[in-house]
Amino acid sequence: DVPNGRLTSNKLMKKDDGYELNVTESDIESWKKLVHPDDLPEVINNINAHFDGKSESYEAEYRMLATSGNWTWALAKGRVIERDSQGNPLRVCGTNIDVSQRRKAEQSLKENEERYRAFFEATEDMVFIKDSDFRYLMLNRANQEFFGKTEEETIGKTDFDLMPVEMAKHCRVTDEQALREHRVVVSTETEGDRVYETRKFPVSLGGAEGVGAFIRDITVHKQAEKALRESEEKFRTITEQMTDMVFLTDMRGTISYVSPVAETIFGFTPDEMQGHNFTDFLAETDISKALTAFREHVSTGKPEKNIVLSMKRKDGSHFIGELSATLHRKDIIDGTIGLIRDITDRKNAENEQEKLQAQLNQAQKMESIGRLAGGVAHDFNNLLTIISCNSELALMNLNPQEDLYKDISEIKDTAERATQITRQLLAFSRKQAISPKVLNLNEIIRVQRKMLGRLVGEDIQFKYILADDLWNIEADPYQ
């Protein structure tokens, strides 16, 4: 009732909206109090426009205050059903429908679309959707920048309108493949110096099918892969040319890689060594030593240098190996990398050198003893000369028949024999010139026989076997 401002509502409206309008509030002003203040002006404008004959009916969505104290959304529709002679509205009939659930669904859909659009625009990948005729329906900012056109300039166009023919043909092939096979189709394209990976897939478009795609610039990734391959090739080239064996292990000592020279050093192929613990190739006597060094290496991170270990070949023989290792890092420490060198020949050479050095030291000692003996012999020979000379003088004044003559003769003979010994010492010390003479070795032995017996002691006996037909030789009798 427009002239009287009265509002009559049915019970269903009261129940659904949660309103409780009593008789005193069943008027237009009471209804206005229930409409959200922000929505009321627009609702009144829509109703007034209809009252003025500007529309056949009115329709408005607005928030109303329910008895629970919450705002609910209502959809109001109505029309004037009676006017006076001047055209003024007398009676209006309409409906109010609770559309809160629909509004919540629409709000949720809007939020989802906003999140989707935010992702769609923020990703650095190029993203697009095409219809069944392969015309662009939507594409993100990254794709627009690739084409150098705005979204408005690309919507409704095909690849043949936007890129070279050959590239467009390739894109069309993968578009059709994704639709035909109903699966994700992955392809790689090169444009100039850039490499792109494309993933295309079928998209449902409200009863029809289209094509969606993600296109990623993988140039940096491909360059990294190429650099890694080149680095690995260099590593393998270097290790394959080395005479030392290169190895990699994990943190437990399990071998993951050995260079080909392993077969020369150990007799095992790389495949036979990989997967085994490094201790499987050591002599049992050195396993404990190696494990102690490995644990310390892993716990402290200090490189191990030139550890000498006895190692085991495939045929069971042993060799001397020298091991050096350091921790191997990628993103984290994941094992060790090191070298093994067969130093058996070097060790043998060192041992031989040590023997030669010992012999040299002994020779030097003997030379020192010889010099000492030469000095003593020289001084002793001077004393013997005095004894011999005095013995000669004494004999000149004695009768050979006298007992004293025999005693002094014995002194003289003993001094001469002593002189022979000192000459031998001098020859040993290289202070006596060599004077070769023709002599018989049997005679030399007979002369030395008594002296040798006294020198070696009573616990050793000499047995002399002299040849009767022994030839004479030319030599220094004191040598």
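Just so you know, these numbers come straight off a predicted model, no measurement behind them.
- Heavy-atom minimum distance, Q177 versus V185: OE1-CG1, 3.5 Å.
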Inset, instruction - Go through R103 and E61 one step at a time and tell me if the side chain to side chain contact (heavy atoms under 4.5 Å, CB included) criterion holds. - result: CA-CA 10 Å; R103 291 286 297 201; E61 284 192 17; 2.8 Å; yes
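- Contacts classified as salt bridge (charged side-chain N to carboxylate O under 4.0 Å, His left out) and involving residues 173-184 (residues at least two apart or in different chains) are given here: K130-D175, D175-K200, E181-R183.
- For the residue pair E189 / T198, a side-chain donor-acceptor distance below 3.5 Å is found, with atom types taken as modelled.
- The side-chain heavy atoms of I473 and L439, taken from C-beta on, include a pair separated by under 4.5 Å.
- Side-chain atoms of I444 and N442, non-hydrogen and from C-beta on, never get closer than 4.5 Å to each other.
- Taking NZ from K289 and CD1 from I287, the interatomic distance works out to 13.0 Å, rounded to the nearest 0.5 Å.
- Note: L360 CG to K365 NZ = 11.0 Å, rounded to the nearest 0.5 Å.
- A side-chain donor-acceptor contact under 3.5 Å links Q144 to the backbone of L139.
- Closest approach of P37 and W71 over heavy atoms only: CD-CH2, 4.3 Å.
- Heavy-atom neighbours of F380 CZ from other residues, nucleotides or ligands within 6.0 Å: at or below the threshold of 12.
- Few gaps surround CD on E145; more than 12 heavy atoms of other groups in view lie less than 6.0 Å from it.
- Using a distance-only test at 3.5 Å, with no hydrogens or angles considered, no donor-acceptor pair links the side chain of D133 to the main chain of R135.
- Side chain of T174 to main chain of C171: a donor-acceptor pair is present (N/O by atom type, distance under 3.5 Å, no hydrogens or angles).
- Inspection of the T336 and T249 side chains reveals an N or O donor paired with an N or O acceptor under 3.5 Å.
- Of all the heavy atoms in H318 and G316, the pair that sits closest is CD2-O, 3.5 Å.
- Put simply, the side chain of S409 gets close to the backbone of Y405: a donor and an acceptor are under 3.5 Å apart.
- Under a 4.0 Å N-O distance rule, the pair R199/E197 qualifies as a salt bridge.
- Put simply, the side chain of N140 gets close to the backbone of D125: a donor and an acceptor are under 3.5 Å apart.
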Inset, instruction - Decide yes or no on side chain to side chain contact (heavy atoms under 4.5 Å, CB included) for L248 and I255, but give the supporting numbers first. - result: CA-CA 6 Å; L248 293 172; I255 297 171; over 6 Å; no
Inset, instruction - Please test Y196 against F146 for ring-ring contact (aromatic ring centres under 6.0 Å, His included), starting from the C-alpha separation and ending with a verdict. - result: CA-CA 12 Å; Y196 299 93; F146 176 78; 5.8 Å; yes
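- Side chains of Y136 and D159: a donor-acceptor N/O pair is present below 3.5 angstrom, by distance only.
- The closest side-chain donor-acceptor pair between N361 and Q357 falls under 3.5 angstrom.
- Between I320 and M311 there is no side-chain heavy-atom pair separated by less than 4.5 Å.
- K355 places no side-chain N or O within donor-acceptor distance of the main-chain N or O of N351, the cut-off being under 3.5 Å.
- Contact annotation: the side chain of M273 approaches that of F281 to within less than 4.5 Å [non-hydrogen atoms, C-beta and beyond].
- When the shell of 6.0 Å around CG of D38 is examined, it contains more than 12 heavy atoms from other residues, nucleotides or ligands.
- Side-chain contact between L339 and F247: absent, with no pair of heavy atoms (C-beta onward) separated by less than 4.5 Å.
- No side-chain donor-acceptor contact under 3.5 Å links N277 to the backbone of D280.
- Considering only heavy atoms from C-beta on, D217 comes within 4.5 Å of R194 through its side chain.
- Using a 4.0 Å cut-off between charged nitrogen and carboxylate oxygen, E272 and K314 count as a salt-bridge pair.
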Sequence neighbours excluded and cut-off under 3.5 Å, please list the side-chain donor-acceptor pairs for residues 257-268, or say none.
from	atom 1	to	atom 2	distance (Å)
Y257	OH	T239	OG1	3.2
S259	OG	V246	N	2.9

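- Side-chain contact check for T269 and D271: no donor-acceptor pair (N or O, by modelled atom type) lies under 3.5 Å.
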Inset, instruction - Under the side chain to side chain contact (heavy atoms under 4.5 Å, CB included) rule, what do R172 and K169 come out as? Steps first, then yes or no, please. - result: CA-CA 5 Å; R172 179 60 59 85; K169 287 181 179 179; 5.7 Å; no
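- Listed here is the closest heavy atom pair of V308 and D286: O-OD2, 4.4 Å.
- Partners of F214 by side chain to side chain contact (heavy atoms under 4.5 Å, CB included), not counting sequence neighbours, listed by chain and number: F119, V127, F201.
- For E233 and R229, the salt-bridge test fails: no basic side-chain N is under 4.0 Å from an acidic carboxylate O.
- No donor-acceptor distance shorter than 3.5 angstrom exists from the side chain of D131 to the backbone of G210, with no hydrogens or angles considered.
- Scanning both residues, V203 and G212, for their nearest heavy atoms gives CG2-N, 3.3 Å.
- Ion pairing of K110 with E106 is absent here, as no side-chain N (NZ or NE/NH1/NH2) approaches a carboxylate O to less than 4.0 Å.
- Surrounding CZ of R141 are more than 12 heavy atoms belonging to other residues, nucleotides or ligands, all under 6.0 Å away.
- No donor-acceptor pair under 3.5 Å is formed between the side chain of E443 and the backbone N or O of N440.
- Rounded to the nearest 0.5 angstrom, S391 OG and I386 CD1 are separated by 11.5 Å.
- The pair E410-K406 does not count as a salt bridge, with every side-chain nitrogen at least 4.0 angstrom from each carboxylate oxygen.
- Under a 4.0 Å N-O distance rule, the pair D342/R313 qualifies as a salt bridge.
- Look at E474 and K437 and you find no salt bridge, because none of the NZ, NE, NH1 or NH2 atoms lies under 4.0 Å from a carboxylate O.
- Within a 6.0 Å radius of CD in Q353, other residues, nucleotides and ligands contribute 12 heavy atoms or fewer.
- Expressed to the nearest 0.5 Å, how far CE of M242 lies from OG1 of T237 amounts to 13.0 Å.
- Applying the side chain to side chain contact (heavy atoms under 4.5 Å, CB included) rule to L393 yields the partners N390, M396; only residues at least two apart in sequence or on another chain are considered.
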Inset, instruction - Step by step, work out the side chain to side chain contact (heavy atoms under 4.5 Å, CB included) result for K412 and I408. - result: CA-CA 6 Å; K412 176 177 175 295; I408 294 177; 5.5 Å; no
Donor-acceptor contacts under 3.5 Å from residues 291-298 side chains, at least two apart:
from	atom 1	to	atom 2	distance (Å)
T292	OG1	S288	O	3.0
H297	ND1	K302	O	2.7

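- S204 places no side-chain N or O within 3.5 Å of a backbone atom of E209 that could act as its donor or acceptor partner.
- In this view, K347 and E350 satisfy the salt bridge (Lys or Arg N to Asp or Glu O under 4.0 Å) rule, not counting sequence neighbours.
- Salt bridge absent: R346 and E352 never bring a charged side-chain N and a carboxylate O closer than 4.0 Å.
- Between the side chains of E166 and H170, no donor N or O sits under 3.5 Å from an acceptor N or O.
- In plain terms, the two heavy atoms of L282 and A290 that are nearest each other are CD1-CB, 3.4 Å.
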